[in-house]
Amino acid sequence: MSRRYSTHTWTEICAFWAMVISGFAYLFGGIIHLLINTIKSLNGTHTAAILNQIYNVATFLGNIALIIAIAIPAWQFVKYKGTAWKVIFWIALIGFALGAVLGLVGAFIW
């Protein structure tokens, strides 16, 4: 019996699962957002507020999955380049992650 070795890279695996997770998170979030608008039109503001928080969490999970899917191939691009490229990578990654977190926190505060 011969052994089968995987030819998939970590980049491909992370990109696939990030696409699956973010796709479901955005789809689920979109359905919840549609329900929020429907419930608000029926004056169910408390239920709409709860669903809005669920929507924000689903969007946040989608953003985290996309951060991972983007960060790994981006690091593969810069890991053998100079220090300036690596600094730009970390600044961009931190900015992207902070934007996702602040977007979630801002949604809960407002």
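- Note: Thr83 OG1 to Ile88 CD1 = 11.0 Å, rounded to the nearest 0.5 Å.
- Looking only at side-chain heavy atoms (C-beta outward), Trp75 and Lys86 come within less than 4.5 Å of each other.
- Interatomic distance, CZ of Phe89 versus CZ of Phe77, reported as 11.5 Å (0.5 Å rounding).
- Following chains of ILVMFWY side-chain contacts shorter than 4.5 Å, one can reach Ile72 starting from Trp90, so the two form part of one hydrophobic cluster.
- Between atom CD1 of residue Ile54 and atom CD1 of residue Ile31 there is a gap of 12.5 Å, rounded to the nearest 0.5 Å.
- Contact between Pro73 and Ile68 at its shortest, heavy atoms only, is CD-O, 4.5 Å.
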